[in-house]
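Beneath this line is the structure, given in structure tokens, with notes to follow.
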2 protein chains.
Amino acid sequence: ATCHQKREPAGQRGSIFADLTADEMHAVRDFLMSKPQLRLSSSHKETLKKNSIFLMELHVPKKGDALKTLDKGRAKPKREARVVVTFGDQLRPNITEYIVGPLPKPTYYKRRTFKGKPPKFESRPISQMEYRHVTNKLQEITKKVYRILVDTTGFSFHNCTDRCLTFSDIAPRGLESGERRTWIMLQKFVEGYFIHPIGFEFLLNHKSLDPAEWEVEKVWYNDQYFDSVEELVEKYEKGEVTKIKLPDHDDDDLYSTYIPRGESSTRANVQGPKLVQPQGPRYRVEKNFVEYAGWSFAFRVRSSAGLQLFDLRFNGERVAYEISLQEAAAFYSGSTPAAMQTKYIDAGWGMGTEDFELASGIDCPEIATFLDLYHYYDTDRPVLYKNALCIFEMTTGVPLRRHFNSNFKGGYNFYGGLENNVLVIRTTSTVYNYDYIWDFLFYQNGVMEAKVSATGYIHATFFTPEGLNHGARVYSYVLGNLHTHLVNYKVDLDIAGRDNSFETIELKYENFTNPWSPRHSIVQSRLHRTQRTTEREAAFPFGKHLPRYLHFYNPTKKNRWGHHKGYRIQFNSHAYSVLPQGWKEEVGITWSRYPLAVTRQKDSEMTSSTIYTQNDPWEPVVSFEDYIRDNENIDKTDLVAWVTVGFLHIPHSEDIPNTSTPGNSVGFFLRPFNFFDEDPSVASRDTVIVRPHKNSFSKVDTDRWTPELAGYCMSNKPFHYNGTYREV
Amino acid sequence: ATCHQKREPAGQRGSIFADLTADEMHAVRDFLMSKPQLRLSSSHKETLKKNSIFLMELHVPKKGDALKTLDKGRAKPKREARVVVTFGDQLRPNITEYIVGPLPKPTYYKRRTFKGKPPKFESRPISQMEYRHVTNKLQEITKKVYRILVDTTGFSFHNCTDRCLTFSDIAPRGLESGERRTWIMLQKFVEGYFIHPIGFEFLLNHKSLDPAEWEVEKVWYNDQYFDSVEELVEKYEKGEVTKIKLPDHDDDDLYSTYIPRGESSTRANVQGPKLVQPQGPRYRVEKNFVEYAGWSFAFRVRSSAGLQLFDLRFNGERVAYEISLQEAAAFYSGSTPAAMQTKYIDAGWGMGTEDFELASGIDCPEIATFLDLYHYYDTDRPVLYKNALCIFEMTTGVPLRRHFNSNFKGGYNFYGGLENNVLVIRTTSTVYNYDYIWDFLFYQNGVMEAKVSATGYIHATFFTPEGLNHGARVYSYVLGNLHTHLVNYKVDLDIAGRDNSFETIELKYENFTNPWSPRHSIVQSRLHRTQRTTEREAAFPFGKHLPRYLHFYNPTKKNRWGHHKGYRIQFNSHAYSVLPQGWKEEVGITWSRYPLAVTRQKDSEMTSSTIYTQNDPWEPVVSFEDYIRDNENIDKTDLVAWVTVGFLHIPHSEDIPNTSTPGNSVGFFLRPFNFFDEDPSVASRDTVIVRPHKNSFSKVDTDRWTPELAGYCMSNKPFHYNGTYREV
Ligand SMILES: [Ca+2]
Ligand SMILES: [Ca+2]
Ligand SMILES: [Ca+2]
Ligand SMILES: [Ca+2]
Ligand SMILES: [Cu+2]
Ligand SMILES: [Cu+2]
């Protein structure tokens, strides 16, 4: 009874959303490098005063054009690349974005603008070459404080062998737009160095494109500030500095490592339960197009923000045009300058490119399909990421539906059950210390879940007693700093078509005379629907009550029972805003003001953040607040929901060695709400029904629609259910 | 480094919490039946004017006595049974609870009181015998309306063959304490009859113990009320009733059944992924005592409210003394009298006994351990429930921890990962239409999760246009009525001992001059702890902000880094209160006022609800509010947390045929918060660490502590990880 829309031929579905191939990347690079007016050079060239390609990825076609292809069978729009070029080799260095096409043989490139405003040059992400210069600078600086470092820790940055230091750099890089000065903290270079800060931090101004001009502007050592390295050294030698000596480093202390320690009272030296697929996979992956049960969708992975799904349909009917990661932020508190300064906004660290290899059996089950990805980011060639994305079906260990229809006499009229299997598509982002696990889950009943799990190392700073106001001590000299994780998703629902409306549903008490006992009154709840017709009415700030049902529907399409076809968003989140509205860096993450804000779809409002926000949150080129400032009408039109989830993380001893995922997953569900005529999981053949045989339970009739025996490696005892309960 | 407390000998651990054996039940029954003064007779005896045993279960020893055994090695307390006897055969019928002991050979029985107040006789649950009389009465009544039923539906209650009606009875049973009059609605007796209401409801007063005196007080037919069956019949015959005719019943309409229909574009006729345990189980179940990783606990299943865990420890150190289900409520709204009246409070329906057989592969994975349970409830003999409880370890398909420590040059310093396995203990309760799935999950990192998933049939009433204010049409003549599910848990945390304290942690902004740039100021968050020293300060009503961290800790025990050993409760819930405070039936579920309330532990405050609440919520024998009314001090003492979770359920088409579990699970986490010195999952041998081999990635070193090959039915390719990313 569901409508199967026209499909593109197999092998082509999803192709307009497919990431650039390595060949396409080569072609675009060669095309641009051949343009003398761009004066492009290799990103590996040592100078920072050069023009080079920083990022290259698919430029997704305009939605209207894509829909003409998907729904009307029109020719595909031209395939194009988005290219970010840093122009360092000119009087006024700038960043320019280009659209290059058509692929695979480009003939044109044109400038892409952000509502007219180009990103400031200082807002660009740091390149590997800039890091190399930073490292060189560190060599210089740490030579001067060699004695202090060795006295304090036994470790040094240069001239070390097995007692080396490394560093982490903090962002944003300054206090105002246009700055590029970074707090850097030193850490012992051991396994898990993120949780080995040694209490030495300094502020490096690296705005100039000539590293010779870079300068240390502040130094922090054992809770004392100095205006220069020289000042520290001089005072240190004069005995005017309160010194500190860390405990001798103990190589046998497993603290920051994954190496097992401790005992278990049950069997531990064997492998645990595993997923197998004795009858083979039940999903289909064709390039970047996936089908499972009634679901289909295309995917890609952006170098900026990561996983992006397109054209989500169930039984051929569209549910969403796009669902994608937009940004991940983590804002910290602390008592050291590095801690106070830390406001990570991860797209600016290329979080989409940090999807390193997934380990089979750990990061994804052994039965998963692993796919490779290519990124072109701070490189001269496409970079291949093996097994960076996985797709698998799994059992959740719980029924999707079940009912035991008791006859209240020791038996039953029937037992029915259906296992809950789910398709998962997963990537990760290791943004230096943290590892985010990005999941989209597709349930057989039309529910989709977006979920982010946090693991990896906490961002930790040197312990000071004052630090206990901002976290917990997790090691003799280490503080785990409190922070809030916030993740923003774009959810361009297209419920059975493009024109949708949005309402919230609450309950209100009604109080009336009991119709069958007039001397009594009844209080009960009644549905209270509020149509949200403007963007401001549909933007729900943190701290205010978020209505209980958030209902997106198609005002022109009804299900069999007369209800508008709809989906709702259900939150699984503990997020809260991290700074007062409008306060400095908060301006860079205005999406984080709202767990949910609904806008009118615009091709010019593709993303809520950019790779430039991290290094200039004060004057961001894209500010989500602008999308709703015009307070457009959102009734019966193409809507986009922007969803922010997250949680407050106060580190504790159990975050050592790493934050663990249980309890640290947040996300949201998309749940059908009268979209179908009944639960579409009735299409599943996994259902099992048991009934008494001729009103007796000495034998029962079992109806099933899959082979009785799962086969290979499963039990050879068929399913058995009796279900009676009896007096004994 | 963790403290292993003294343990009872193997095979004895958990025994003081073990449910009664069938033999013990026989012994208690025989002992009481032998007491002439009780004049007990069989529960099967037809009259309601009889004295009989209604319920028998373990009487859990006083906590102090149990702890003496568990912690001091003292002799076990006497084993006793709690027995509920209904005394119908006397001038003033009553319900009396007895404590009977010592088991296995009882010699005494003594009365157990509820702070002096006995439950009213009318508050007793309905017995099968009372149902038999109700059914007989229905035969009588429906004979009179036979023509109306057949005209309306083609179905009848008596004299039917394949076109029969059945009924559901609504609770509470009246409007005031002491009443026992029940709205009953007729439904087509087909597979899934709960969603086949035919629009015929009537109010039966069955308070008298003589069914001959029972009377129909109201009838509702097609949105019209009548004072008697006779009035309806008379007016119907005179044509004074607005008639209705349901569509002809279509036996081929699969609507309410589990029978599959619809197609899938991917392979559906095969079984999906399965869990296997190629190297055998890694947990241990000894009778009612379970061990897994660092965890150990005992369990039992109460006939009233179900699953109850005791003496939860990790590495031998106590985390909680008791965690248990207390009550499940579902309060409805609607436009028919049955719908308006429905306020289900499920312990009064014996929800603990409705743990029918779990199907292997559907209700629990095939690898689960299935255990039998015995209940003695409305019976003369123990009733055996086969496979009513399952325990299994599963993979969650996600890592517990993982980190890819990039070297930012195409390789890494190390990759570490640990799969997330979890032990699950599960029962279900099928309270007529609904099936609740009760899970407790034990993670290797010391996290415990309590989770309830809702499935089964919605409670549906006859569709009227007015009904759209209270739900959605889910079938031509059926309304799914809005309702809120609320579940209460008792969480007697004993964090490393009995004397605990409770604080909440919030963030507050602090604003100060930037210490390294005085012309700027910094705003950041600071921990704001609020000690909750009285019960009222620790009772958080719905509608008010629940603080973000709910921290229970031991004020006298610290972890290695100087932090009080603690655990926190993290909610996963969308609950809200269902009636104004103090409004009629709300008085029966005062626990539902608070997502969290913390009380001082008392043996006299064992449970937040009773089996008597359903049929007398107006004057309940146990009201949770009484526990906090004395506003006792809760600092450095034995604390109990009472946790309420739930969700608003506005039924929709996808609830047909059954509510599905995805998105309909709520619960809470218990998370260690400086309880350990580091994440105790470091004890897991499932960890895998990969490092470059001699600084090269052409070969890598893989460290693991379990056999490389999982063996039987798993791949014979060993774990492989390279992890490099490279230019191409
Ligand atoms: Ca707008
Ligand atoms: Ca849309
Ligand atoms: Ca009290
Ligand atoms: Ca306690
Ligand atoms: Cu965190
Ligand atoms: Cu429900």
Side-chain angles (χ1 to χ4, degrees), chain A residues 175 218 258 262 267-268 270-273 275 277 279 282 333 356-357 359 362 381 384-385 394 397 401 403-404 416-417 421 430 443 445 447 455-456 469 473 516 520 524-526 561 652-654 656 658 660 662-663 669 671-674 678-679 683 685 689 706 710 713 721 723 725 727-728, chain B residues 175 218 258 262 267-268 270-273 275 277 279 282 333 356-357 359 362 381 384-385 394 397 401 403-404 416-417 421 430 443 445 447 455-456 469 473 516 520 524-526 561 652-654 656 658 660 662-663 669 671-674 678-679 683 685 689 706 710 713 721 723 725 727-728:
Chain A
L175 298 170
K218 287 282 170 195
Y258 264 64
R267 287 175 82 210
V270 295
Q271 291 200 28
L275 282 167
Q277 247 168 199
Q279 304 188 346
R282 306 196 297 180
S333 299
F356 304 110
E357 182 167 341
I362 299 166
R381 305 176 64 85
L384 168 65
Y385 289 70
M394 66 175 280
R401 290 185 265 119
H403 181 64
F404 181 92
N421 287 313
T430 302
Y443 295 85
N445 65 339
V447 171
T455 180
N469 293 308
R473 189 176 204 156
W516 55 272
H520 292 96
Q524 68 175 9
S525 293
R526 185 186 180 90
W561 313 116
H652 45 102
S653 54
E654 295 84 5
I656 302 303
N658 274 188
S660 52
F669 289 95
R671 302 184 55 180
F673 192 71
N674 297 308
E678 60 182 341
D679 181 348
R685 264 52 182 172
I689 305 174
T706 54
C713 92
Y721 190 83
Y725 44 108
E727 295 187 346
V728 289
Chain B
L175 298 169
K218 286 283 172 195
Y258 265 64
R267 286 175 83 210
V270 294
Q271 290 199 29
L275 283 167
Q277 248 168 201
Q279 303 187 346
R282 306 196 296 179
S333 298
F356 304 110
E357 182 168 341
I362 299 166
R381 306 176 64 83
L384 168 65
Y385 290 70
M394 67 175 279
R401 290 185 266 119
H403 180 65
F404 181 93
N421 287 313
T430 302
Y443 295 85
N445 64 338
V447 171
T455 179
N469 293 307
R473 190 178 203 155
W516 54 273
H520 292 96
Q524 67 176 8
S525 293
R526 185 187 180 88
W561 313 117
H652 45 101
S653 53
E654 295 84 4
I656 302 304
N658 273 191
S660 52
F669 289 94
R671 302 184 57 180
F673 193 70
N674 298 309
E678 60 180 341
D679 181 348
R685 265 52 183 171
I689 305 175
T706 56
C713 90
Y721 190 83
Y725 44 107
E727 294 188 347
V728 289

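Lettering follows sequence order; numbering is per chain, from 1. Just the heavy atoms: all of them, side chains too, but no hydrogens, waters or symmetry mates, feed the values below.
Listed for the A/Q279 side chain is a donor-acceptor partner under 3.5 Å among the backbone atoms of B/Q271. A distance-only check finds no donor-acceptor pair linking the side chain of A/R401 to the backbone of B/S660 [under 3.5 Å]. Judged by distance alone, the side chain of B/Q524 and the main-chain N or O of A/S333 form no donor-acceptor pair under 3.5 Å.
For A/R282, the parts sitting under 4.5 Å from any heavy atom of chain B are the backbone and the side chain alike. If you measure heavy-atom distances from A/T430 to chain B, the contacts under 4.5 Å come from the side chain alone. Heavy atoms of B/F673 lying under 4.5 Å from chain A belong to its backbone as well as its side chain. Heavy-atom distances place both the backbone and the side chain of A/F404 under 4.5 Å from chain B. Of the atoms belonging to A/I689, it is side-chain heavy atoms, and not backbone ones, that fall under 4.5 Å from chain B. With a threshold of 4.5 angstrom between heavy atoms, A/N674 approaches chain B through its backbone and through its side chain. Only the side chain of A/F669 comes within contact range of chain B, with heavy atoms under 4.5 Å apart.
Rounded to the nearest 0.5 angstrom, A/D679 CG and B/I656 CD1 are separated by 9.5 Å. Put simply, NE2 on A/H403 and CG on B/N658 are 7.0 Å apart, with the number rounded to the nearest 0.5 Å. If you take OG1 on A/T706 and CZ on B/R267, they are separated by 11.5 Å, rounding to the nearest 0.5 Å.
Considering every non-hydrogen atom in both B/L275 and A/P273, the closest pair reads CD2-CB, 4.2 Å. In terms of heavy-atom proximity, B/W561 sits nearest to A/S653 at CD1-CB, 4.3 Å.
Ranked by heavy-atom pairs under 4.5 Å with chain A, the list B/G262, B/A268, B/P662 is led by B/P662. Of the residues considered (A/R473, A/M394, A/E357, A/R671), A/E357 shows the highest number of contacts with chain B, using heavy-atom pairs under 4.5 Å.
The side chain to side chain contact (heavy atoms under 4.5 Å, CB included) check on B/R526 picks up A/E466, A/N469, A/H470, B/E510, with sequence neighbours excluded.
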